[in-house]
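The structure appears below as structure tokens.
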Amino acid sequence: MELRQLECFVAVAEELHFGRAAARLCMTQPPLSRQIQLLEQRLGVTLLERSSRVVRLTAAGRSFLRDARHLLAFAARATSSARRASGGEAGHITLGFTAVASYRLMPALVMKARKVLPDVDIELRERVSTDLGRLLEAGELDAMLARHLPRQDGLAHRLVQREPLVLAAPRKSPLTVYDAVPLRALHRQPFVAYAPSEGKYFYDRIAGALGQAGVEPDYVQHASQTHTLLGLVRAGLGVGIVPDSARELRLEGVVFLPIAQKNLYAEIYLAWRARHDNPALDAFVNRVVEPLAARR
């Protein structure tokens, strides 16, 4: 049974006239009649009763018409799905991200993708940065959002976001008198820092800036995750420097103050394997990530 035979039968069944059906299909009557005959032979039943003046559906024809319409609709959807998948408008992406990316950037990307690529399914996997690089290299992730790029050959990447670092302080901290806190004001202040190992990206960036400014805070505790660091700040243990997106956690009792030091910021990259065979990933990069990256 061929789709063209189904199309011919549906046209004749709906028109109940071979001439009109032939015109609708942009063909002549003899090949149309032949297609109907082949279909009836294939099925082993008579679908149409023909006379010189009237065309009628048989009981078998009425039953088959319903299924023939469904088959043609399924075929049309299958064709459309294949074309959309080939163009990246449908498919599946596995996106890895670190916890801090989930505060603002990752949700923004997912919501943008739902609007411009509604038929692309995005599977989210939260991991630490070192695990993300390993999973990407192993092919278990299509792309990753991370603060720094893994040292791997064959990676493509985009700088998606550059956000300022801000000071997180207890609501009653004397540092809240500043509109923008100078780094020198942190000298000898109780300070909650990122851990040198688990929070290496932020530890290196913040410790480097403090060192260049000649500032030596009183390090009272280290934390590997931003939400843990903010919890210690809220408890009154000290102040800390965090990415601006940490505001999204909305911890009561913690205020966020701009830092006067210029060019103190954190970056987030999207990285993926340059050689891949996922059109949905290309569409995600071009239609979701690139417009956002262009506005940074």
Residue pair Ser51, Arg56: steps toward the side-chain contact (heavy atoms from CB on, under 4.5 Å) verdict: CA-CA 9 Å; Ser51 70; Arg56 293 191 181 93; 5.8 Å; no

Verdict with supporting geometry, Glu7 and Arg69, salt bridge (Lys or Arg N to Asp or Glu O under 4.0 Å): CA-CA 8 Å; Glu7 291 172 346; Arg69 285 170 171 159; over 6 Å; no

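With hydrogens and angles disregarded, no donor-acceptor distance shorter than 3.5 Å links the side chain of His157 to the backbone of Tyr269. At least one donor-acceptor pair closer than 3.5 Å links the side chain of Arg62 to the backbone N or O of Leu57. A donor-acceptor distance shorter than 3.5 angstrom exists from the side chain of Arg287 to the backbone of Val116, with no hydrogens or angles considered. Here the side chain of Thr58 pairs a donor or acceptor atom with the backbone of Leu47 at under 3.5 angstrom. When atom types are taken as modelled, the side chain of Ser173 and the backbone of Leu175 share a donor-acceptor pair closer than 3.5 angstrom. Judged by distance alone, the side chain of Arg50 and the main-chain N or O of Val55 form no donor-acceptor pair under 3.5 Å. A donor-acceptor contact shorter than 3.5 Å links the side chain of Arg147 to the backbone of Glu267.
Put simply, the side chain of Leu48 reaches to within 4.5 Å of the side chain of Phe18, judged on heavy atoms. In this structure, the side chains of His227 and Leu249 come closer than 4.5 Å at one or more pairs of heavy atoms. Annotation: side chain of Glu40 is not in contact with side chain of Leu43 (no heavy-atom distance under 4.5 Å). For the pair Leu186 and Leu167, the minimum side-chain heavy-atom distance is below 4.5 Å. Between Glu290 and Phe284 there is no side-chain heavy-atom pair separated by less than 4.5 Å.
Pairs of residues two or more places apart, or lying in two chains, never qualify as salt bridge (charged side-chain N to carboxylate O under 4.0 Å, His left out) while including a residue from residues 251-261.
No hydrogens or angles considered: a donor-acceptor pair under 3.5 Å links the side chains of Asp282 and His276. Side-chain contact of Glu163 with Ser245: a donor-acceptor pair under 3.5 Å is present, judged by distance alone. Checked by atom type, the side-chain pair His92/Glu123 shows a donor-acceptor distance below 3.5 Å.
A ring-centre distance under 6.0 Å is not found for Tyr203 and Tyr194.
Annotation for Asp67: atom CG counts as buried by contact number, over 12 foreign heavy atoms lying within 6.0 Å.
Between Tyr219 and His222, the ring planes are parallel. Angles under 30° get that label, and only those over 60° would be called perpendicular.
Other residues sharing the hydrophobic cluster of Leu132, ordered by chain and number and joined by side-chain separations under 4.5 Å: Leu135, Leu136, Leu141, Met144, Leu155.
For the side chain to side chain contact (heavy atoms under 4.5 Å, CB included) test with Ile241, the passing option among Val166, Val181, Leu165 is Leu165; the others fail.
Contact record, Thr94 with Glu140: CG2-O, 3.6 Å, taken as the closest heavy-atom pair.
Taking a cutoff of 4.0 Å between a charged side-chain nitrogen and a carboxylate oxygen, Glu14 and Arg24 qualify as a salt bridge.
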